[in-house]
Amino acid sequence: MTGVLITGGTGKTGRALAELLRGSGVPVRVASRTPSADAPDTVRFDWNDPATHPAALHGTDRVYLVPPVDTTDPMPLVEPFLAEAEHVGVRRVVLLGSAIVLPDAPSALELAAYVRARPGWVVLRPSGFMQNFLAPHPLGERIRRRGEIRTAAGPGRVGWIDARDIAAAAAALLTEPEGHPGGYRDDRRDYLLTGPQALSYQDAAEIIADRTGRPVRVVPVGEAEQADAYRASGMPDAFAAALAAVDAGIRTGRDDRISTDVLDLTGRPPRTFAEFVQDHAAHWADTGTP
Ligand SMILES: NC(=O)c1ccc[n+]([C@@H]2O[C@H](COP(=O)([O-])OP(=O)(O)OC[C@H]3O[C@@H](n4cnc5c(N)ncnc54)[C@H](OP(=O)(O)O)[C@@H]3O)[C@@H](O)[C@H]2O)c1
């Protein structure tokens, strides 16, 4: 069999990608630590259990790669997996990288360089996900429970992207054999994926309030306080600190950029933040929790 192994197949982008590929008749294998017993195209896969890797790769020729989450050092777990993928003849890997560079995390950059160096393997660098504004992400959790965004990013803007558009871009790259009518080019190894517009947290809060009627206030906090909040939500120490430092970068304008790569790859413009909010309006209903 040839088909696509979707790591992180139950996550925000992986789940949407599986739906798109199934809808196009592409054979998929959805990887999860807890595969569903009644879905024959799922497979048990755990980054921390290398014994699960060969069986997940067996018979697939393309991989959507979501590296281990909540770590600043993915390489030790991912490199042996990619060596195995190369060994079994995987011709295309689409890595879910990031446009947001975590400080003191060279391993993520090494991973992107490793993928880019192989013919046919490509890196997606998405901007911040719009889905962060939904629970269970700590940002979305706080909006839902308290109508509040706490951020150290100030007025800095981000080209927020809907995870469904990342999935659509990945689907284009995983299904087009060569020469996509839009933008797929054999010599491109790297795609910057953003939404159509860069927005600050204040802009986003106003759109949510406007579309849902739920007021959302933005409370400025320092980086250390932000890191503490991430830790309290269960993130490991180093990752919480790195993620909090991202806000400092946003504040400087580093993530205030947009690209046309989603349109070029899929032939459709990426969703606006207002469209995203419209699609999830019920999510922000006041829970009444203090
Ligand atoms: N959020 C953002 O703004 C943003 C921006 C740019 C890039 N990114 C990147 O996007 C990636 C995905 O992040 P996300 O927060 O959106 O997560 P997600 O894809 O929604 O969920 C995490 C996925 O990873 C799987 N997973 C968790 N632990 C695993 C393990 N030990 N072994 C195998 N699979 C495991 C989970 O599957 P099971 O639980 O079913 O095993 C789940 O499908 C990250 O690499 C992040 O750097 C995120």
Side-chain angles (χ1 to χ4, degrees), residues 4 6-9 11-21 24 62-67 69 74 78 92-102 105 108-109 111-116 120-134 137 139 153 156-176 180-201 203-204 243 246 249-250 253-277 279-280:
V4 180
I6 305 177
T7 64
K12 295 181 209 47
T13 61
R15 197 174 43 234
L17 176 62
E19 266 171 42
L20 287 172
L21 294 180
S24 311
R62 287 156 284 171
V63 173
Y64 180 64
L65 182 66
V66 178
V69 287
V78 181
R92 181 173 283 299
V93 168
V94 174
L95 168 68
L96 180 64
S98 178
I100 297 165
V101 179
L102 295 181
L109 297 177
L111 172 57
Y114 183 105
V115 168
R116 254 193 309 265
W121 293 20
V122 297
V123 179
L124 304 180
R125 288 186 302 113
S127 195
F129 294 2
M130 292 180 185
Q131 276 74 7
N132 295 353
F133 290 81
L134 302 174
H137 191 283
L139 173 63
R157 298 191 301 177
V158 176
W160 303 105
I161 181 164
D162 192 310
R164 294 171 293 179
D165 291 320
I166 301 171
L173 286 161
L174 286 161
T175 51
E176 287 299 328
H180 187 270
Y184 174 124
R185 295 199 333 238
D186 279 343
D187 58 340
R188 282 259 340 240
R189 300 276 172 81
D190 198 297
Y191 295 87
L192 175 67
L193 304 181
T194 73
Q197 201 186 5
L199 300 171
S200 68
Y201 281 101
D203 297 331
L243 213 54
V246 164
I250 295 173
R254 199 190 52 197
D255 299 294
D256 186 354
R257 57 192 164 157
I258 54 168
S259 85
T260 62
D261 284 353
V262 169
L263 175 64
D264 296 342
L265 282 167
T266 68
R268 295 172 61 174
R271 292 167 175 85
T272 64
F273 194 80
E275 285 169 323
F276 161 77
V277 171
D279 290 347
H280 297 88

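Quick caveat, the model's predicted, so the values are computed rather than measured.
To the nearest 0.5 Å, the span separating CG on L174 from CG on L21 amounts to 6.5 Å. Rounded to the nearest 0.5 angstrom, L173 CG and R188 CZ are separated by 9.0 Å. Taking CG of D162 as the start and NZ of K12 as the end, the distance is 12.0 Å to the nearest 0.5 Å.
Counting heavy atoms from C-beta on, the side chains of R62 and V93 never come closer than 4.5 Å. Using a 4.5 Å heavy-atom cutoff, the side chains of F273 and D203 are not in contact. L95 places none of its side-chain heavy atoms less than 4.5 Å from the side chain of W121. Side chains of F129 and I166 form a contact here, defined as non-hydrogen atoms less than 4.5 Å apart. Contact check for L102 versus L243: side-chain heavy atoms found under the 4.5 Å cut-off. A 4.5 Å side-chain heavy-atom check between L111 and P67 finds at least one atom pair inside the cut-off. Two residues are said to be in side-chain contact when any heavy atoms from C-beta on lie closer than 4.5 Å; Q197 and T272 fail this criterion.
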Practice item. Test side chain to side chain contact (heavy atoms under 4.5 Å, CB included) on D279 and R164 and set out the steps. Key: CA-CA 12 Å; D279 290 347; R164 294 171 293 179; 2.9 Å; yes
Practice item. Run the numbers on F133 and F276 for ring-ring contact (aromatic ring centres under 6.0 Å, His included), then give the verdict. Key: CA-CA 10 Å; F133 290 81; F276 161 77; 7.2 Å; no
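Between I100 and G128 the shortest heavy-atom distance is CD1-N, 3.7 Å. A pairwise comparison of heavy atoms in W160 and S127 identifies N-OG, 4.2 Å as the closest pair. Looking at every heavy atom in both residues, G195 comes nearest to I258 through O-CG2, 3.5 Å. Nearest heavy atom pair, residue A198 against residue R257, reads CB-N, 4.5 Å. The two atoms that bring I161 and P126 nearest to each other are CG2-CB, 4.2 Å, heavy atoms only. What you find for D261 and L193 is that their closest heavy atoms are CB-CD2, 3.9 Å.
Checked by atom type and distance alone, the side chain of T260 never pairs as donor or acceptor with a backbone atom of L263 at under 3.5 Å. Here the side chain of T13 pairs no donor or acceptor atom with the backbone of A167 at under 3.5 angstrom. A donor-acceptor distance shorter than 3.5 angstrom exists from the side chain of S259 to the backbone of L192, with no hydrogens or angles considered. Side-chain atoms of S200 never come within 3.5 Å of backbone atoms of G156 as a donor-acceptor pair (strictly under, hydrogens ignored).
More than 12 non-hydrogen atoms from other residues, nucleotides or ligands lie less than 6.0 angstrom from CZ of R116.
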